[in-house]
Amino acid sequence: MARLSLDDYADEGGAGVDAEQIRIDDLSHLVGVPDEFQRLWTPHRMVYIQHGQQPGKDDCPFCVAPSLSDEDALIVARGEHAYALLNLFPYNSGHLLVCPYRHIANYDEATPEEVAEIGSITQTAMRVIREVSRNDGFNIGMNQGEVAGAGIAAHLHQHIVPRWAQDANFFPIIAKTKALPQLLGEVRAAIANAWPHDAD
């Protein structure tokens, strides 16, 4: 795409056009192509981008998280075979991930005990998030494999994304700016404090 300057806006006599004569609401003279997207600059995500989405086997964040404190790992609940933690890059406030402790990639590799506890934690998470956030619904699912969009394909994890009647649908959440009203630590504390101790 060619870059334009004020010299490109010459009148018929060859004289340049004064900058004040260019309409402010006409953005066609600017570099780039205007679109409907707003930009939210998030330099903290460079860690995620520069190191690639797929961590090495020894760097799996879902294997490391259980060795940390709940606060440091953003864990809201621990079970015998699986646990729940906040997504570090949430689509919506309260976006949880449910992971088995074991480092497995696919749902069909999970034991019956792991499947049962992932399901149990998911049900409890839905009840707790509904109580804490007053949301209207959920997106729940797993991306199996890098080609299917799994951010960390080597370690099974299920997404629980709270939804509100006035939020956008799933694709604009991925594609456009999303405002998150609470810090991750505050969300973790609210969910963890509301989690029933005898649930899992």
Side-chain angles (χ1 to χ4, degrees), residues 44-45 47-48 51-146 148-164 173 178 180-200:
H44 64 278
R45 288 185 61 93
V47 173
Y48 184 69
H51 293 98
Q53 287 188 316
Q54 302 302 325
K57 187 174 181 180
D58 297 331
D59 300 323
C60 175
F62 299 140
C63 290
V64 172
S67 69
L68 304 173
S69 70
D70 288 355
E71 292 77 12
D72 288 342
L74 299 174
I75 292 174
V76 298
R78 297 175 188 251
E80 184 179 348
H81 304 285
Y83 67 100
L85 76 167
L86 282 177
N87 189 337
L88 192 56
F89 304 102
Y91 294 136
N92 264 351
S93 188
H95 179 170
L96 289 180
L97 304 173
V98 182
C99 310
Y101 293 110
R102 218 163 45 97
H103 187 81
I104 55 172
N106 296 306
Y107 189 61
D108 57 0
E109 298 174 57
T111 65
E113 293 79 16
E114 288 167 331
V115 169
E117 192 163 58
I118 288 169
S120 174
I121 289 174
T122 298
Q123 287 185 329
T124 301
M126 291 173 67
R127 294 181 191 112
V128 171
I129 292 171
R130 197 179 291 118
E131 175 189 332
V132 170
S133 301
R134 304 286 187 245
N135 61 304
D136 301 306
F138 294 92
N139 286 115
I140 297 176
M142 299 179 185
N143 299 321
Q144 295 286 269
E146 189 172 354
I152 300 177
H155 197 129
L156 179 66
H157 56 285
Q158 177 163 268
H159 294 262
I160 305 172
V161 183
R163 301 300 305 278
W164 288 265
I173 290 174
K178 191 68 182 173
L180 302 170
Q182 285 184 296
L183 297 175
L184 290 174
E186 295 171 353
V187 176
R188 190 214 72 80
I191 294 173
N193 290 339
W195 199 277
H197 295 294
D198 59 346
D200 305 309

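Computed from a predicted structure; not experimentally measured.
- Side-chain N or O atoms of Glu117 include one that pairs as donor or acceptor with a backbone N or O of His81 at under 3.5 Å.
- Annotation for Ala110 and Leu156: closest pair CB-CD2, 4.4 Å, computed over non-hydrogen atoms.
- Counting only heavy atoms from C-beta outward, the side chains of Leu96 and Pro162 never approach each other to under 4.5 Å.
- The distance from atom CD of Glu80 to atom CD of Glu114, rounded to the nearest 0.5 Å, is 10.5 Å.
- Annotation: the span from Trp195 atom CH2 to Arg127 atom CZ amounts to 10.0 Å, rounded to 0.5 Å.
- Scored by the side chain to side chain donor-acceptor pair (under 3.5 Å) test, Asn106 finds Glu109 as partners (sequence neighbours excluded).
- In this structure, Gln144 and Asp108 have side chains that are not in contact, with every pair of non-hydrogen atoms separated by 4.5 Å or more.
- In this structure, Ser93 and Val187 approach most closely via the heavy-atom pair OG-CG2, 3.5 Å.
- Distance alone, capped at 3.5 Å, places no donor-acceptor pair between the Asn87 side chain and the His95 backbone.
- In terms of modelled atom types and a separation under 3.5 Å, the side chain of Tyr101 and the main chain of Gly79 share a donor-acceptor contact.
- You'll find the side chain of Ile191 reaches within 4.5 Å of the side chain of Ile129, heavy atoms only.
- Considering all non-hydrogen atoms of both residues, Asn143 and Gly149 come closest at ND2-O, 3.7 Å.
- Ring-plane geometry between Phe62 and His157 is classed as tilted, the angle between the planes lying from 30 to 60 degrees on a 0 to 90 degree scale.
- In terms of modelled atom types and a separation under 3.5 Å, the side chain of Thr124 and the main chain of Ile121 share no donor-acceptor contact.
- Contact annotation: the side chain of Pro90 approaches that of Leu184 to within less than 4.5 Å [non-hydrogen atoms, C-beta and beyond].
- Checked against Ile118 for a side chain to side chain contact (heavy atoms under 4.5 Å, CB included), the options Gln158, Glu113, Gln123 give a single hit: Gln158.
- For the pair His159 and Ile140, the minimum side-chain heavy-atom distance is 4.5 Å or more.
- Across all their heavy atoms, Arg78 and Ser69 have their closest contact at NH2-C, 4.1 Å.
- Ile160 CD1 to Asn139 CG: the interatomic distance, rounded to the nearest 0.5 Å, is 11.5 Å.
- The backbone N or O of Asn135 sits nowhere less than 3.5 Å from a side-chain atom of Arg163 that would complete a donor-acceptor pair.
- When all heavy atoms of Pro66 and Ile75 are compared, the closest pair comes out as CA-CD1, 4.1 Å.
- A donor-acceptor distance shorter than 3.5 angstrom exists from the side chain of His155 to the backbone of Arg102, with no hydrogens or angles considered.
- When all heavy atoms of Tyr83 and Ala65 are compared, the pair lying nearest together is OH-CB, 3.7 Å.
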